[in-house]
Amino acid sequence: MTLRAAAETTGRRIGVAVAYEPLVREPAYARLIQAEFNAVTPENALKWAPVQPRPELVQDQHWQVIFDAASQGRQSVRGHTLLWDQQLPAWAVALSDAELMVAQQQHLERLVSATAGRVRTWDVVNEALEDDGTVSKTALWRVDGDRHLRDAFVKTKALDPAAVLAYNDYGIEARNPKSDGLLRLLTAWRAAGVPVEAVGLQSHLKVGEGPRPAELAANMRRFAALGLEVHLTEIDVQVRHLAGSAWGAEAAQARLLYGWTAACVAEPACRELSFWGLSDRHTWVDGTLGDDRPLLFNDDLQPKLGYYAVRAALLGQPDPTCAIERLPAPKVGAHAGWRSSGGPLQVGPKGGAAAAMVVAGRTEAWQGPVHSVLSSLTAGLPLRAGVRVRLNAGPPAPVALTLRIVDGLGERYVSVASGRATADGWLRLEGPLRVALQGELRTADLYVEGPAAGRELWIDAPSLRVDCEASP
Ligand code: XIL
């Protein structure tokens with residue numbers, strides 16, 4: 001099932017920011033956007049600088065191509081954006097404050113008229129607040145305070161009454177001084193009859209550093225209580241800062257996307273989720289913040305774990321990331337990466353298990369079976385590992401599952417789980433991999449320690465999964 005079909009089961013829009021160049025040059029990009037999304041946002045094509053590079057030159061072709069592709073694909077369009085103090089044409093920046101006000105009003109009127117009837121939602125005002133929740137002291141603010149912000153909504157409504165009008169910003173996903181300030185502003189505007197009908201929470205996220213889904217949920221409620229629609233408008237999830245494996249970074253990203261999407265689905269006022277770009281090849285993060293992989297599709301336009309997580313959340317299903325088994329079980333004749341740091345590793349039937357492992361001729365207690373977890377371990381991704389353990393004979397004895405790490409901090413040993421194994425039955429040893437990684441992760445070996453040499457230590461049913469009980 002596609003994302004758009006999954007979103008439609010909940011009556012929501014799922015959107016993507018679309019750029020003109022790949023849309024006309026890469027057929028696969030255009031196809032995937034039509035197949036997977038039921039809404040689009042021109043990423044740049046409606047901004048003032050590209051639309052009017054010179055006072056006498058208006059360029060509407062790019063957004064028109066995007067609008068036409070959208071109507072062909074039965075996709076609604078989010079207009080982005082009418083009033084913003086960035087991506088202004090250089091000639092406009094050079095104007096006096098009063099002249100800029102006039103030019104801005106003309107730009108808004110012309111563009112809203114030109115697009116009227118074709119835009120589902122307009123981001124009328126973008127990023128007009130400071131982190132402390134006050135209105136930014138821009139050139140236009142110097143002319144009339146926040147009056148032009150309100151006027152932009154009134155004017156847009158008059159020229160395109162069917163469009164739903166939104167205020168859009170970053171850093172307002174959780175409760176904080178900025179979202180508190182916006183709530184006060186929107187409360188006052190609505191009381192005064194300003195036609196602001198939706199709030200866009202951009203949602204440029206970073207694993208481990210931003211707000212959690214529960215904080216998003218609590219904050220969305222406040223705006224919903226004002227009677228506003230809530231839209232998650234520019235979702236992407238940065239992972240480049242995470243030490244460890246690429247798989248783990250993708251899994252951590254998927255966990256956050258699952259939580260973000262589920263929060264939207266659980267909030268009746270949350271009507272739209274939109275991603276800020278189609279694939280890791282088409283992301284503003286690379287050029288602006290650093291090389292990253294923040295989106296749902298990889299460089300080859302293949303769906304990532306985040307894609308499946310978002311789809312599952314839309315369908316009310318559990319996160320499939322949690323069911324992925326990362327530690328292979330050996331078979332007779334195929335050790336699947338398991339090895340030993342003692343004698344030879346043997347795999348065969350033991351104690352009722354079809355393919356248990358045993359290290360023959362152990363001379364040290366710690367020489368049980370070993371498997372690298374280098375390709376799974378990532379900072380900020382909670383994992384749980386486990387094995388079953390049994391002794392061949394003799395009295396109960398202590399056993400342990402241990403992780404040996406070599407990273408930028410050097411070598412260290414982390415205890416995962418421990419217990420007392422017996423010869424009468426299997427003992428499940430399972431626990432979290434709790435380790436703060438620093439710098440380059442060079443070695444991550446999971447291994448089993450048992451009683452001193454001389455007795456056989458049988459190992460079976462290895463597993464390593466994302467710990468989905470730990471919150472994303
Ligand atoms: C970004 C675009 O993605 C880039 O291509 C462009 O160079 C700069 O703007 N918040 C917004 C978006 O509201 O308009 C910005 O888009 C990203 C941050």
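The structure displayed is predicted, hence computed values, not measured ones. Every number for a ligand or one of its atoms is a count from 1 in the order of the listing.
Of the possible donor and acceptor atoms, one in the side chain of Glu325 sits under 3.5 Å from a partner among the backbone N and O of Leu464. For the pair Arg404 (side chain) and Glu411 (backbone), a donor-acceptor distance under 3.5 Å is absent.
Aromatic ring orientation, Tyr20 versus His62: parallel (interplanar angle below 30°, classes split at 30° and 60°).
Looking at Arg281 and Leu301, their side chains come closer than 4.5 Å, going by heavy atoms from C-beta outward. At a threshold of 4.5 Å between non-hydrogen side-chain atoms, the residues Asp85 and Trp141 do not count as touching.
Under 4.0 Å from ligand 1, not a single heavy atom of Tyr170 appears. In Asp123, neither the side chain nor the backbone holds a heavy atom less than 4.0 Å from any atom of ligand 1. At a heavy-atom distance under 4.0 Å, only side-chain atoms of His80, from C-beta outward, approach ligand 1. Contacts between Thr288 and ligand 1, counted as non-hydrogen atom pairs separated by less than 4.0 Å, are absent for every part of the residue.
Looking only at heavy atoms of the protein, atom 11 (C) of ligand 1 is closest to Glu234 OE1, 3.1 Å. The nearest heavy-atom contact from the protein to atom 3 (O) of ligand 1 is Glu43 OE2, 2.4 Å. Scanning the protein for heavy atoms near atom 5 (O) of ligand 1, the closest one is Asn44 ND2, 2.9 Å. When only non-hydrogen protein atoms are considered, atom 9 (O) of ligand 1 lies nearest to Gln87 OE1, 3.0 Å.
A search for side-chain contact (heavy atoms from CB on, under 4.5 Å) contacts involving Gln438 returns Asp407, Leu409, not counting sequence neighbours. For Ala461, the side-chain contact (heavy atoms from CB on, under 4.5 Å) partners two or more places apart in sequence, or in a different chain, are Arg388, Arg428.
Between Lys47 and ligand 1 there is a heavy-atom distance shorter than 4.0 Å.
For ligand 1, the atoms closer than 4.0 angstrom to any heavy atom of Gln202 are 10 (N), 11 (C), 13 (O). The His204 neighbourhood of ligand 1 comprises atoms 18 (C), with distances under 4.0 Å to a heavy atom of that residue. Close approach to Trp84 involves these atoms of ligand 1, each under 4.0 Å from a residue heavy atom: 14 (O).
Salt bridge Arg118/Asp68: present, at least one basic N to carboxylate O contact under 4.0 Å.
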